[in-house]
Amino acid sequence: MLDIRLIREDFDRVKAAVARKKFDVDFDALKAADEQRRACLTQAENARAAQKQANAEMAKLPKGSPEFQAKLAEMRTIAGQVKELEAQAKDAEDSFSALLMSVPNLPDPSVPDGRNDADNKSIFTWGSSDEKDYPDALAHFDIPWFSKLLDFERGVKVTGAGFPFYVGDMARLVRALLSFFLEEARKNGYEEVMPPILVNAASATATGQLPDKEGMMYFAQEDGMYMVPTAEVPVTNFFRDEILDEEELPVKRCAYTPCFRREAGSWGAHVRGLNRLHQFDKVEIVKWVHPDRSFDELESLRADAEGLLQKLGLPYRVLLICAGDIGFPHAKQYDLEVFAAGQKRWLEVSSCSNFTDFQARRANIRYRANGGKPQFVHTLNGSALAIPRVLAALLENNLQSDGTVKIPECLKPWMGQDFIGARA
RNA sequence: GGAGAGGUGGCAGAGUGGUCGAAUGCGCAGCAUUGGAAAUGCUGUGUACUCGUAAGGGUACCGAGGGUUCGAAUCCCUCCCUCUCCGCCA
């Protein structure tokens with residue numbers, strides 16, 4: 001949600017910025033609704049003030065006296081007016097806020113123009129994406145023992161497509177990766193939390209999944225709860241409707257959760273194996289920061305996520321997402337894509353974003369600078385990291401000529417072995 | 001799941017139809033007092049929206065949403081949550 005004052009005072013700049021995002025917003029209707037709403041509100045409040053004053057006078061009169069009876073008749077008509085004006089004001093308010101909620105966050109000036117993902121800028125690469133450096137690579141789903149350790153068929157039987165079983169060393173490898181991610185996050189100053197993985201509608205609204213992206217989440221109808229598509233939702237909502245002390249900022253937290261995504265309509269041949277799942281595991285890092293610091297905090301958050309890929313020895317690139325491709329609530333976004341040598345594809349494993357005050361407004365998360373007025377914080381988050389595609393790249397890139405996969409040094413504390421998989 | 005009690009300002013807690021945005025206490029801030037402090041006294045102490053260049057007004061908020069009434073923290077309905085007891089259960 002944007003500040004309506006900003007839209008009023010900087011109308012043309014806001015309009016131009018939103019246009020860069022390729023979202024269609026009827027700003028003239030919004031402006032008209034804002035004016036309508038305020039006019040109605042003033043009328044209704046004036047009527048209400050008159051009612052209250054008349055009421056105070058009436059309270060002093062002896063009950064049942066002729067003066068009291070006369071006043072009562074007068075107040076009946078005032079009450080009718082108040083009711084009508086308040087109803088009008090509520091209607092005006094409702095249509096105004098619906099329009100305001102349809103305005104996306106403004107892209108930061110540092111975000112490049114562009115229509116879609118083809119216009120994203122690759123700003124940094126690390127490691128080699130040259131095929132010659134991976135002579136033994138295979139697409140992970142073509143590794144002979146793959147379906148033994150990652151059992152999609154049993155998953156289909158038990159649940160459905162996109163819900164695989166991780167078996168034996170594969171389950172241990174996932175657990176090792178999660179432990180490694182959480183431990184690195186802790187070293188970088190993020191406090192670990194284990195959040196609920198079902199959330200209510202208010203939480204999903206605050207982080208922006210509702211109302212527009214309702215179809216992406218699994219929904220427990222009977223209890224009105226949504227299964228989390230990312231830990232971002234419960235973790236960010238931790239401080240919903242709260243006021244933090246300025247000295248507490250930045251607050252940094254990390255969380256592991258399974259993530260559930262319906263991915264309706266996005267299934268196809270190019271999403272084989274681990275490339276896209278309905279349930280996957282992810283460690284998310286989240287920050288609540290002072291508004292002046294949020295773009296610096298985005299850089300350090302991105303560095304925190306990148307450090308994981310470097311320690312794992314997986315080649316990756318950083319994309320600066322263009323204005324036409326960043327999401328509704330984002331001001332600036334980087335994606336990290338890992339190179340999967342077997343598929344010869346870049347796979348997105350992290351998205352690091354600054355939401356400025358957009359989520360904080362929706363979620364009503366503020367801070368107080370010693371004794372002053374509460375101000376909205378800025379929120380940021382990033383994956384650090386999502387498991388399946390990291391796993392895919394790790395299996396593909398580290399495949400040896402003997403058919404086994406080499407385990408990165410940094411995972412040894414949790415794996416205790418150097419290779420997984422059967423020799424050819 | 002059953003029975004009962006309850007949800008009021010930062011906290012505790014009064015308030016059962018009008019003069020209640022709400023007593024009182026605690027906390028917090030300022031001032032006085034003091035060499036300094038404690039104690040004491042006085043004053044102040046929420047959020048949001050809105051009108052106004054400003055000074056300063058107005059409105060809303062007593063868990064949430066509806067309703068009754070000229071008038072609701074107070075009465076009625078629905079929902080949410082907390083506590084106690086019972087039941088069930090990892």
Side-chain angles (χ1 to χ4, degrees), chain A residues 1-9 30-101 103 194-206 210-211 219-226 234 237-248 258 357-377:
Chain A
M1 192 163 59
L2 288 187
D3 185 355
I4 183 59
R5 287 189 196 89
L6 178 72
I7 300 177
R8 264 184 227 146
E9 286 159 22
L30 178 64
K31 198 173 178 179
D34 180 35
E35 281 158 15
Q36 170 77 4
R37 155 187 159 263
R38 283 188 290 162
C40 287
L41 189 63
T42 305
Q43 281 194 327
E45 287 184 351
N46 288 342
R48 183 76 179 127
Q51 183 185 35
K52 284 182 75 167
Q53 201 191 332
N55 186 50
E57 288 163 18
M58 179 169 180
K60 292 189 194 114
L61 299 171
K63 280 210 170 80
S65 66
E67 296 91 336
F68 185 90
Q69 293 300 339
K71 205 80 190 167
L72 198 130
E74 183 193 321
M75 286 197 61
R76 279 211 175 92
T77 57
I78 298 179
Q81 289 168 4
V82 167
K83 225 166 219 163
E84 198 183 319
L85 289 168
E86 282 186 343
Q88 281 175 17
K90 189 178 184 301
D91 286 350
E93 181 70 39
D94 288 348
S95 33
F96 164 76
S97 54
L99 276 168
L100 185 61
M101 289 286 270
V103 183
M194 291 200 78
I197 59 175
L198 283 100
V199 294
N200 59 30
S203 295
T205 305
L210 293 180
F219 181 54
Q221 180 87 41
E222 212 175 349
D223 298 292
M225 291 171 180
Y226 296 84
N237 274 280
F238 188 93
F239 293 117
R240 174 151 54 83
D241 294 321
E242 295 192 25
I243 300 173
L244 305 168
D245 284 333
E246 187 176 23
E247 299 82 63
E248 293 179 68
D357 62 353
F358 193 85
Q359 280 184 336
R361 274 176 199 285
R362 283 196 176 207
N364 194 27
I365 304 171
R366 294 173 291 173
Y367 73 97
R368 195 191 297 275
N370 61 90
K373 281 263 169 202
Q375 316 265 328
F376 289 108
V377 299

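By convention in this document, chain letters (A, B, ...) are assigned in the order of the sequence lines, proteins followed by strands, and residues within each chain are numbered from 1. For the numbers below, each heavy atom of this structure counts, side chains included, while hydrogens, waters and symmetry mates do not.
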Shortest non-hydrogen contact from [X] to [Y]?
| X | Y | answer |
| --- | --- | --- |
| A:Phe376 | A:Tyr367 | O-CE2, 3.6 Å |
| A:Ser203 | A:Asn237 | O-ND2, 3.0 Å |
| A:Ala201 | A:Thr205 | O-OG1, 2.7 Å |

Between [N] and [M], how far is it from one [atom1] atom to the other, in whole Å?
| N | M | atom1 | answer |
| --- | --- | --- | --- |
| B:G21 | B:U59 | C1' | 12 Å |
| B:A5 | B:U45 | C1' | 33 Å |
| B:A14 | B:G9 | P | 13 Å |
| B:U68 | B:A72 | C1' | 10 Å |
| B:A32 | B:U24 | C1' | 24 Å |
| B:U84 | B:G10 | P | 25 Å |
| B:U69 | B:C75 | C1' | 10 Å |
| B:G13 | B:G7 | C1' | 13 Å |

Rounded to whole Å, how long is the line connecting atom [atom1] of [X] with atom [atom2] of [N]?
| X | N | atom1 | atom2 | result |
| --- | --- | --- | --- | --- |
| A:Ile4 | B:A48 | CD1 | C1' | 16 Å |
| A:Arg5 | B:C51 | CZ | C1' | 13 Å |
| A:Arg366 | B:G46 | CZ | P | 14 Å |
| A:Leu41 | B:A48 | CG | P | 16 Å |
| A:Gln43 | B:G58 | CD | C1' | 15 Å |
| A:Gln53 | B:U19 | CD | P | 14 Å |
| A:Asp3 | B:A48 | CG | P | 12 Å |
| A:Glu86 | B:G66 | CD | P | 11 Å |

Please tell me if A:Arg38 has a side-chain N or O lying less than 4.0 Å from either OP1 or OP2 of B:U59.
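A:Arg38 to B:U59 OP1/OP2: no side-chain N or O under 4.0 Å.
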
Looking at A:Arg37, I'd like to know whether one of its side-chain N or O atoms comes within less than 4.0 Å of OP1 or OP2 on B:U50.
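For A:Arg37, the contact criterion (side-chain N or O under 4.0 Å from OP1 or OP2 of B:U50) is met.
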
A:Arg48 versus A:Gln51, side-chain donor and acceptor atoms under 3.5 Å
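The answer is yes; a qualifying pair exists.
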
Among [options], which is the nearest nucleotide to the side chain of [X]?
| X | options | answer |
| --- | --- | --- |
| A:Lys373 | B:G58, B:G18, B:A48 | B:A48 |
| A:Pro374 | B:C49, B:G18, B:A48 | B:A48 |
| A:Thr42 | B:C70, B:C49, B:C51 | B:C51 |

Contact nearer the 5' end of RNA chain B, comparing A:Lys90 with A:Ala39:
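Closest to the 5' end, via its nearest nucleotide, is A:Ala39.
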
For A:Ala50 and for A:Arg76, locate the closest nucleotide of RNA chain B by heavy-atom distance; then report the residue assigned to the nucleotide nearer the 5' terminus.
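Closest to the 5' end, via its nearest nucleotide, is A:Ala50.
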
Indicate yes or no: does A:Lys71 engage A:Glu57 in a salt bridge with an N to O separation below 4.0 Å.
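A:Glu57 and A:Lys71: salt-bridged.
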
Under 4.0 Å between a side-chain nitrogen and a carboxylate oxygen: does that hold for A:Lys31 and A:Asp34?
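No, this pair does not count.
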
Classify the nucleic acid contact of [X] as base, sugar-phosphate or nothing, counting any heavy atom under 4.0 Å across all strands shown.
| X | value |
| --- | --- |
| A:Ala56 | nothing |
| A:Lys52 | sugar-phosphate |
| A:Arg8 | sugar-phosphate |
| A:Gln51 | sugar-phosphate |
| A:Phe96 | nothing |

Should [N] form a Watson-Crick or G-U wobble pair with both distances under 3.5 Å, which nucleotide is its partner?
| N | answer |
| --- | --- |
| B:G35 | none |
| B:U16 | none |
| B:U69 | none |
| B:C49 | B:G58 |
| B:U74 | none |
| B:C42 | B:G30 |
| B:A3 | B:U84 |

I'd like to know if A:Asn55 reaches the base of B:G18 with its side chain such that a donor and an acceptor end up less than 3.5 angstrom apart.
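Counting by modelled atom types and ignoring angles, a donor-acceptor contact under 3.5 Å is found here.
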
Any side-chain heavy-atom pair of A:Asp357 and A:Val377 under 4.5 Å
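Heavy-atom side-chain distance check fails, nothing below 4.5 Å.
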
Evaluation steps, salt bridge (Lys or Arg N to Asp or Glu O under 4.0 Å), between A:Asp245 and A:Arg368
CA-CA 5 Å; A:Asp245 284 333; A:Arg368 195 191 297 275; over 6 Å; no

